[in-house]
Amino acid sequence: MSAASVRVESVTKRFSGHTAVNNLSMEVASGGIFGLLGPNGAGKSTTIRLIMGILQPDQGKVVLFGSDHGSRKLSQRIGYLPEERGLYKKMKVLDHLIFLGETKGISRADARRRAQDWLEHLGVSDWALKKVEDLSKGMQQKVQFAGALLHKPELVILDEPFSGLDPVNAQVMKDIVVAIAAEGRTVLFSTHVMEQAERMCDHIAIIARGETVVSGSVAQVKADFGGRHVVLGFTHDKQRAEGILADRSLIAHLDDYGASAELQMAEGADPEQLLTALVREGVGLRRFEVVEPSLHAIFIAKVGPDAAVAHARAGAAA
């Protein structure tokens, strides 16, 4: 097994009587993509700030690359994109990236070359000589993303990196994250969108109320959750299915999306029983598939109803 790039050991952080992170432990192995998942307010950003040394834990410790001396002494090995974007708005885009590169020990000439390459790759090269304040928020985010990667860090830490991006630009950044991991580098990113993590991550930790509720490889987390899961797609109004979907002797849990649904079969119930019942009632189906549980379903089941409601609202606003 690869050595850990990050180890968070029994870390607790309090603010004015509020416990933001409570005895949290997790390990991020070197190489691959690790997802720190949870609803808004779960403690994700606080955990990342503790890893980055921006905050100090009240208890426990953070170990980076086997050292507990703090991230500031290791800054040239780490790239960081904070949740709160912070750029000097009066600076020109290219000058800003050159400046960020120089703070990481890159020569000015090399920083200029790398910055121009990144701006071209991200589709922002036409704005290189414009002031940062002239860019849209999405373009500013891409510039700061480039700044986090300019020095080719071993460990890349991204706090909600895709928030606020349109689908096209989000996909560009996702492709870059996947490419970084393919090079053998380590990516740790936080999100409250389970679908992103499911597609990208090798390992995850789900936290709620500052505590870890699930951690491990995505495959192992799904295997441990267990149960038989079915995805349904309806061809028209599913009114005829309502009685069946409400039968708790058949269905233990239901996530209803209107035109589709994901459900967990009750203990002892079989998907064939469900299919037979739906056909008997004349329910129009465009999809009936027995699947492994999604991270979304695991998240909803594990974080509890209060956090689930917060997550649903955040997803609707995204």
Side-chain angles (χ1 to χ4, degrees), residues 3-30 33-86 144 148 153-164 186-194 196-197 201 203-216 221 295 298-299 302-311 313-315 318:
S5 291
V6 180
R7 287 206 319 273
V8 178
E9 301 180 0
S10 303
V11 164
T12 295
K13 183 63 181 178
R14 303 180 186 90
F15 299 99
S16 301
H18 168 66
T19 302
V21 174
N22 185 24
N23 197 34
L24 181 70
S25 295
M26 67 180 197
E27 183 170 305
V28 181
S30 296
I33 303 174
F34 186 99
L36 181 61
L37 317 179
N40 291 336
K44 302 187 300 297
S45 291
T46 299
T47 299
I48 285 178
R49 290 172 188 143
L50 289 162
I51 292 171
M52 288 301 303
I54 297 168
L55 300 173
Q56 296 301 314
D58 298 319
Q59 295 171 244
K61 66 179 180 178
V62 174
V63 179
L64 299 175
F65 307 113
S67 169
D68 60 1
H69 294 310
S71 62
R72 294 186 182 182
K73 294 185 178 180
L74 301 165
S75 65
Q76 293 187 8
R77 301 174 68 182
I78 302 171
Y80 174 45
L81 178 69
E83 182 181 24
E84 298 85 5
R85 313 306 182 216
Q144 193 160 348
E154 299 170 48
L155 171 63
V156 179
I157 298 178
L158 310 170
D159 196 354
E160 297 283 0
F162 312 117
S163 176
T186 307
V187 179
L188 164 62
F189 80 90
S190 71
T191 184
H192 61 266
V193 182
M194 299 302 109
Q196 291 175 350
C201 294
H203 292 77
I204 62 165
I206 298 178
I207 65 174
R209 306 173 190 89
E211 300 179 354
T212 305
V213 294
V214 173
S215 65
V221 166
L295 286 186
I298 296 170
F299 175 87
K302 293 291 187 180
V303 302
D306 293 341
V309 169
H311 168 260
R313 288 174 179 167

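For the 3.5 Å distance criterion, the side chains of D58 and T12 fail to qualify, holding no donor opposite an acceptor.
Between F15 and T46, the closest side-chain pair of non-hydrogen atoms falls below 4.5 Å. Residues T47 and M26 have side chains in contact (heavy-atom distance under 4.5 Å, counting atoms from C-beta outward). Between F65 and L155, some side-chain heavy-atom pair lies under the 4.5 Å cut-off. Looking only at side-chain heavy atoms (C-beta outward), I206 and F299 come within less than 4.5 Å of each other. Counting heavy atoms from C-beta on, the side chains of I54 and Y80 come closer than 4.5 Å. Side-chain contact check for H203 versus E27: every heavy-atom pair is 4.5 Å or farther apart. Put simply, the side chain of P39 does not reach to within 4.5 Å of the side chain of H192, judged on heavy atoms. You'll find the side chain of F189 reaches within 4.5 Å of the side chain of I33, heavy atoms only.
The only member of D159, L36, L50 that meets side-chain contact (heavy atoms from CB on, under 4.5 Å) when paired with S45 is D159.
Closest of all the heavy-atom pairs between G79 and P153 is N-CB, 3.3 Å. V11 and K61 make their closest contact through CG2-O, 3.4 Å (heavy atoms, listed as atom of the first residue, atom of the second, distance). Residue T186 comes nearest to S5 through the heavy atom pair OG1-OG, 3.3 Å, listed as atom of the first residue, atom of the second, then distance. Taking every heavy atom of both residues into account, A4 and S30 meet most closely at C-OG, 3.8 Å. Closest heavy-atom contact between A148 and L81: CB-N, 4.3 Å.
Taken to the nearest 0.5 Å, the CZ atom of F162 stands 10.0 Å off from the OG atom of S190. The line from CG of L37 to CD1 of I207 is 9.0 Å long, rounded to the nearest 0.5 Å. How far CD of E84 is from CD of Q144: 10.0 Å, rounded to the nearest 0.5 Å. Rounding to the nearest 0.5 angstrom, the gap separating the CD atom in E160 from the CD1 atom in I48 is 8.0 Å.
For R7 and E9, the salt-bridge test passes: some basic side-chain N is under 4.0 Å from an acidic carboxylate O.
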Can you list the steps and then say if I78 with M52 is a side-chain contact (heavy atoms from CB on, under 4.5 Å)? CA-CA 9 Å; I78 302 171; M52 288 301 303; 3.9 Å; yes

Could you give me the CA-CA distance, side-chain angles and deciding distance for V8 and V21, then say whether side-chain contact (heavy atoms from CB on, under 4.5 Å) is met? CA-CA 11 Å; V8 178; V21 174; over 6 Å; no

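Although no hydrogens or angles enter the test, the distance criterion places a donor-acceptor pair under 3.5 Å between the side chain of K13 and the main chain of Q56. One N or O on the side chain of S25 and one on the backbone of S10 form a donor-acceptor pair closer than 3.5 Å. Judged by distance alone, the side chain of R209 and the main-chain N or O of G43 form no donor-acceptor pair under 3.5 Å.
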